[in-house]
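Here's the structure we're looking at; comments come further down.
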There are 2 protein chains.
Amino acid sequence: MADHSQSVDRITVSASTTPKIKDVARVAGVSTATVSRALSKPDSVAANTRQVVLDAARVTGYRINQAARNLRQQKSGAVVVLVPNLGNPFFSQILAGIESTLAKRGLSVLMVDTKQSELPSEYLHHSRADGIIALDGSLPGTLLAEIQSGIGTPPIVFACEWDPDDMFPSVRVNNRHGAALAIEHLVELGHRNIGYVGGPPANVLTGARLEGVQRALQANNCAVCEQWLFQGDFSLQSGAHVAAQWLAMDNRPTALFCANDEMALGVISHLHRSGVNVPRDLSIVGFDDIDVARFFLPPLTTIRQPRSKLGTESADLLMEKLEHGLISDSRSETVLPVEMVVRQSTARIAN
Amino acid sequence: MADHSQSVDRITVSASTTPKIKDVARVAGVSTATVSRALSKPDSVAANTRQVVLDAARVTGYRINQAARNLRQQKSGAVVVLVPNLGNPFFSQILAGIESTLAKRGLSVLMVDTKQSELPSEYLHHSRADGIIALDGSLPGTLLAEIQSGIGTPPIVFACEWDPDDMFPSVRVNNRHGAALAIEHLVELGHRNIGYVGGPPANVLTGARLEGVQRALQANNCAVCEQWLFQGDFSLQSGAHVAAQWLAMDNRPTALFCANDEMALGVISHLHRSGVNVPRDLSIVGFDDIDVARFFLPPLTTIRQPRSKLGTESADLLMEKLEHGLISDSRSETVLPVEMVVRQSTARIAN
DNA sequence: AGCTTACATGTAATCGATTACAGTGACAAT
DNA sequence: ATTGTCACTGTAATCGATTACATGTAAGCT
């Protein structure tokens, strides 16, 4: 009887369907429970059994069915990353940091573009994601409220940006300090008429950096001229647009601090075509230190943000939450240092 | 009896656990089958029943358990995207294109960095991914063999790059043609000593573009000088490194075609610091037309690649495969057009 | 020997949806 | 009145793993 069923099994195993744990069990001559244990908790089975199972898994070409595991274990093995704009290269290093950290722990990365896709609210279920990393500080309030209610919703961690009410754990840099460094650098070079090019007004980074600018200007007894507060959208184009505005002004600032590098490059580029030389005629400081900054002409003076680290740290923070259920207070708002990188887009003020 | 169980139900529903389809069924007073149908095939239930179910789903705050659905339906609702280097901004537009297209169809995007993560072979199972989009032409042969065997493995589509044997469907640009355009442009400007800066030698793009270069040079009776074939790695740094080599040469080419924009910018940047002016002393053509190309100083002459379209088309191609099981021959190798963008990093040869 | 303990393994329940199949009632055709 | 059809809905099997619990067995101890 046993022999007969075995010969039948041989045939079953070689069928064209993908092998299940049952097939492995049959080939190994053990129960499915043992196979499961041998594969996921190797120490809990005898050494020789383990070997037999591993061999059986190999010959059958067994691969686990994630959906079944996920259903049983009530988790998804995935983390959703909410990116404001996937097309924006600024995020790529952060994403790389997140991916590498999560991959090490066997978690996969679900990428969602919050500007393109309508409602990522389907992702707010433990069967979809074990956790969320948001690079977008402008998520719909309803979404955040739902996450906070915390029933069945995965925990969230912000990276780079943060939520308006600042209620969730986050990893970011000291934006005010970075902005202040930029202003102080310009003041040291003799500038007193300093403008600021922000991103979208609603953006938290725009605001935080503006605060830093205003404080530093006041601390140095510089005027804070409303007219010199430009509005961009973090794009190269918007930088060029600001440059055009600057050209059209009567009383121009002698230096500009841009809330990101791309806008800074846009400004320089546009001005150059109009015969205005940076840094001779205008000093420019950026923010981020993207790759191209040090290769630009002139190389860009900027505030360096550790992008890769923002990614790895936020992923680590989320892992802590996932594994320990809680995040230690000391880490729940991680602030990474920025660094002033002086290059050649800033110069001592003329005459 | 029925009354009693109902009052118990009220309590059950308000318990802290996340609501299941069973809870919705109870509240709506129908079976779970009807709830399932009302939610996913609305036409198959009576209008009023549907309404009752929808209301019940709303009040209970029901959200579907994807793992359960995936297990039953034998699919994952996700597509894996294999990126050679997530940190490389070149891919961001392509990724955005992929994401937006897939999101429209309700598919989610699993991002994997093939350089960082060891074995994405766990992803080769229908329970993990319904399909694969590879931006990396250098995947391990074993992996490709497995995908081709096609038992239980999701279908794959290449974008931008392609596999060495070119056996899988792909979306790409006409790289040889693009390279030829670059060379012809330089020849028209009077250049006859033209160099080529490639990426990693094993890369398919490096090879394809080199072919285009060689053919075009021959067609124009230009020497193909071994010494003028530089090797980079697609990074800004490697471009700078090539510039240093160029500076050290005895017989320099008067123009360089770089296999991507970043290397081109690296070359220009490094040369500028050494007092060599582009385009006066050397003409440079790039490839890709990344965002910063037109803002660089000088603005970069380059071959534009429709990056976003590469993403959307490859996603569409995969969807066709997923929905129809096959890909029409006409699409299985989609070639998108490139476009010559003449800016100011190229000039008529001196004297 | 008899008893306890620890370890290895098997049996069967379980996760939460989908869906094949069966059943019901209304209505039209005969 | 009988039968067939159609539109809905319910019952229960199913997807493929994990794991609580039961069982068996050998070693250790008195």
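Naming convention: chains lettered A, B, ... in sequence-line order (proteins, then strands); numbering from 1 in each chain. Hydrogens, waters and symmetry mates play no part in the numbers below; they use all other heavy atoms, side chains included.
Contact annotation: Thr49(B) side-chain N/O to dT9(D) OP1/OP2 distance is under 4.0 Å. Of the side-chain N and O atoms in Tyr62(A), none sit less than 4.0 angstrom from OP1 or OP2 of dG16(D). A close approach under 4.0 Å does occur between a side-chain nitrogen or oxygen of Thr34(B) and OP1 or OP2 of dG10(D). Neither OP1 nor OP2 of dT18(D) sits under 4.0 Å from any side-chain N or O of Lys41(A).
With hydrogens and angles disregarded, a donor-acceptor distance shorter than 3.5 Å links the side chain of Glu99(B) to the backbone of Asp113(A). Checked by atom type and distance alone, the side chain of Asp130(A) pairs as donor or acceptor with a backbone atom of Ser76(A) at under 3.5 Å.
What separates NZ of Lys20(A) from P of dT14(D) is a distance of 14 Å, to the nearest Å. Whole-Å rounding puts the Gln66(A) CD to dG16(D) P distance at 14 Å. If you take NE2 of His126(B) and C1' of dC15(D), they are 10 Å apart, rounded to a whole angstrom. Rounded to an integer number of Å, the gap from CG of Asn48(B) to C1' of dT9(D) is 12 Å. Per the geometry, CG belonging to Asn70(B) stands 15 Å off C1' belonging to dT14(D), to the nearest Å. Here dT19(C) presents its P atom at 5 Å from CD of Gln73(B), a figure rounded to the nearest Å. Look at CZ on Arg26(A): it is 13 Å from C1' on dG16(D), rounded to the nearest Å. Between the CG atom of Leu39(A) and the P atom of dT19(D) there is a distance of 13 Å, rounded to whole Å.
Comparing Ser40(A) and Ser44(B) along DNA chain D, the residue whose closest nucleotide (by nearest heavy atom) sits nearer the 5' end is Ser44(B). Where Arg69(A) and Val45(B) meet DNA chain D, the nucleotide closest to each residue was compared, and Val45(B) sits on the side nearer the 5' end. In this structure, Arg37(B) and Leu71(B) both approach DNA chain C, and ranking their closest nucleotides by distance from the 5' end singles out Leu71(B).
Using a 4.0 Å heavy-atom criterion, one finds that Val35(B) contacts no nucleic acid atom at all.
Of the charged side-chain nitrogens involved, none lies within less than 4.0 Å of a carboxylate oxygen, so that Lys20(B) and Asp23(B) do not count as a salt-bridged pair. The pair Asp166(A)-Arg172(A) counts as a salt bridge, with a side-chain nitrogen and a carboxylate oxygen less than 4.0 angstrom apart.
Between Ile132(A) atom CD1 and Ile147(A) atom CD1 the span is 4.0 Å, to the nearest 0.5 Å.
When the nucleotides dT9(C), dC15(D), dT18(D) are ranked by their closest atom to the side chain of Gln74(B), dC15(D) comes out on top. The side chain of Ala33(B) sits closest to dT11(D) out of dT11(D), dA20(D), dA13(D). Comparing dA17(D), dC8(D), dT18(C) against the side chain of Ile21(B) picks out dT18(C) as the nearest.
Taking only distance into account, the side chain of Arg72(A) never meets the base of dG16(C) through a donor-acceptor pair shorter than 3.5 Å.
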